[in-house]
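Below: one structure, written as structure tokens.
Values reported hereafter were calculated over all heavy atoms of this structure, with side chains retained and with hydrogens, waters and symmetry mates removed. In this chain, residues are counted from 1 in sequence order.
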Amino acid sequence: MRNGSLQIMTNPTYIDVPEGKKIYFASDNHLGAPTNEDSLPREKKFVAWLDHVKDDAAAIFLLGDLFDFWFEYKKVVPKGFVRTLGKLAEISDSGIPIYFFVGNHDLWMNGYFQDELGIPVFHNPQEFLFNKTSFFIAHGDGLGPYDKGYKRMKKVFTNPIFKWLFRWLHPDIGVRIAQYLSVKNKLISGEHDANFLGEDKEWLILYSKSKLEEDHRDYFVYGHRHLPMEFELSERSKYVNLGDWIQYYTYGVFDGTNFELKTFKD
């Protein structure tokens with residue numbers, strides 16, 4: 001059991017995990033890539049996983065890049081993904097809280113999940129306390145000493161002027177262009193993330209270590225990296241990357257005491 005942080009956490013969101021209940025985590029589905037038709041089997045498998053976990057879920061955390069591209073116009077959202085959106089609405093309506101962290105592929109969220117599905121959306125890392133265990137949770141993009149090219153690109157993409165200009169494109173044109181560029185992103189292939197780079201080159205490990213110097217956290221949980229992995233940062237703190245739903249179909253489970261990565265086999 002990884003305890004000891006209750007006194008030093010700063011305003012974390014508390015979630016009670018009753019006996020027999022669990023917290024579930026998943027990330028990086030990239031629905032719609034390379035096409036909606038090609039991603040449909042993966043979407044159906046993800047919906048089956050949601051059905052599987054809802055029976056004993058105290059909460060569900062989705063850590064970004066659920067979609068390979070997502071942009072919200074004032075009256076329009078990208079076509080498709082009705083199975084996933086419907087299932088998320090069903091689970092949220094049943095009273096199970098769902099928390100969504102935007103990724104680098106679906107960072108242009110602006111109220112749809114909150115208003116239509118009742119799901120809070122986070123654009124920055126957040127801290128949670130599950131029973132007495134502390135969690136630092138984020139998608140992971142742009143964190144740490146590396147990823148400098150992406151950090152510059154994100155400043156452009158999140159600039160209000162850029163978003164205003166993009167909205168002036170007809171959705172049929174804007175979404176098609178964005179989907180094309182998004183699929184070209186090398187991360188979707190998984191090849192870039194196929195190997196552990198080493199403790200001194202994994203920027204999310206380096207970032208987590210720097211955060212540990214400020215305050216203790218029992219677990220640092222991220223998506224983005226696509227490679228499922230667990231790494232001991234110290235005797236009482238662990239870094240976890242959830243992997244993806246393209247190659248690995250991995251997800252995280254916290255039972256109120258322990259955290260583990262599992263693979264979903266439909």
> What distance separates I98 CD1 from L117 CG, expressed to the nearest 0.5 Å?
Replying inline: 8.0 Å
> Do the side chains of T263 and Y248 get nearer than 4.5 Å, heavy atoms only?
Replying inline: no
> Do D218 and T133 get their side chains close enough for a donor-acceptor pair, meaning under 3.5 Å?
Replying inline: no
> For L31 and S39, which heavy atoms make the closest approach, and how far apart are they?
Replying inline: C-OG, 3.9 Å
> Distance only, no hydrogens: is a donor on one side chain within 3.5 Å (strictly under) of an acceptor on the other, for H224 and D65?
Replying inline: no
> Is the closest side-chain heavy-atom distance between V47 and W49 below 4.5 Å?
Replying inline: no
> Would you say the ring centroid of F67 lies under 6.0 angstrom from that of F81?
Replying inline: yes
> Between NE2 of H30 and CZ of R42, what distance do you get to the nearest 0.5 Å?
Replying inline: 8.5 Å
> Taking the inter-plane angle between the rings of F130 and F25 on a 0 to 90° scale, is it parallel (under 30°), tilted (30 to 60°) or perpendicular (over 60°)?
Replying inline: tilted
> CG of D16 to OH of Y14: how many Å apart, nearest 0.5 Å?
Replying inline: 4.0 Å
> Do F231 and F136 belong together in a cluster built from hydrophobic side chains that touch within less than 4.5 Å?
Replying inline: yes
> Looking at Y251, F264, Y249, F46, which one forms a ring-ring contact (aromatic ring centres under 6.0 Å, His included) with H52?
Replying inline: F264
> When rounded to the nearest 0.5 angstrom, what distance separates NZ in K54 from CG in L88?
Replying inline: 11.5 Å
>> With heavy-atom distances below 4.5 Å as the criterion, would you say the side chains of D106 and F69 are in contact?
In response: no
> So do E230 and L261 actually touch side chain to side chain, heavy atoms under 4.5 Å?
Replying inline: yes
> Quick one: CZ on R217 to CG on L212, what's the gap to the nearest 0.5 Å?
Replying inline: 7.0 Å
>> Checking ring-ring contact (aromatic ring centres under 6.0 Å, His included) between F128 and each of F254, Y99, F220, which is the one that passes?
In response: Y99
>> Would Y222 and S27 count as a side-chain hydrogen bond (donor to acceptor under 3.5 Å, both in side chains) here? Give the steps.
In response: CA-CA 8 Å; Y222 306 97; S27 182; over 6 Å; no
> Under the criterion side-chain contact (heavy atoms from CB on, under 4.5 Å), which of L66, D28, N29, D68 is the partner of H105?
Replying inline: D68
> What about L40 and L50, same hydrophobic cluster or not, with Ile/Leu/Val/Met/Phe/Trp/Tyr joined at side-chain heavy-atom distances under 4.5 Å?
Replying inline: no
> How far does CD of E43 sit from CZ of R83, to the nearest 0.5 angstrom?
Replying inline: 6.0 Å
>> If you apply the rule side chain to side chain contact (heavy atoms under 4.5 Å, CB included), what do you find for H226 with I246, and how did you get there?
In response: CA-CA 9 Å; H226 282 229; I246 300 168; 3.7 Å; yes
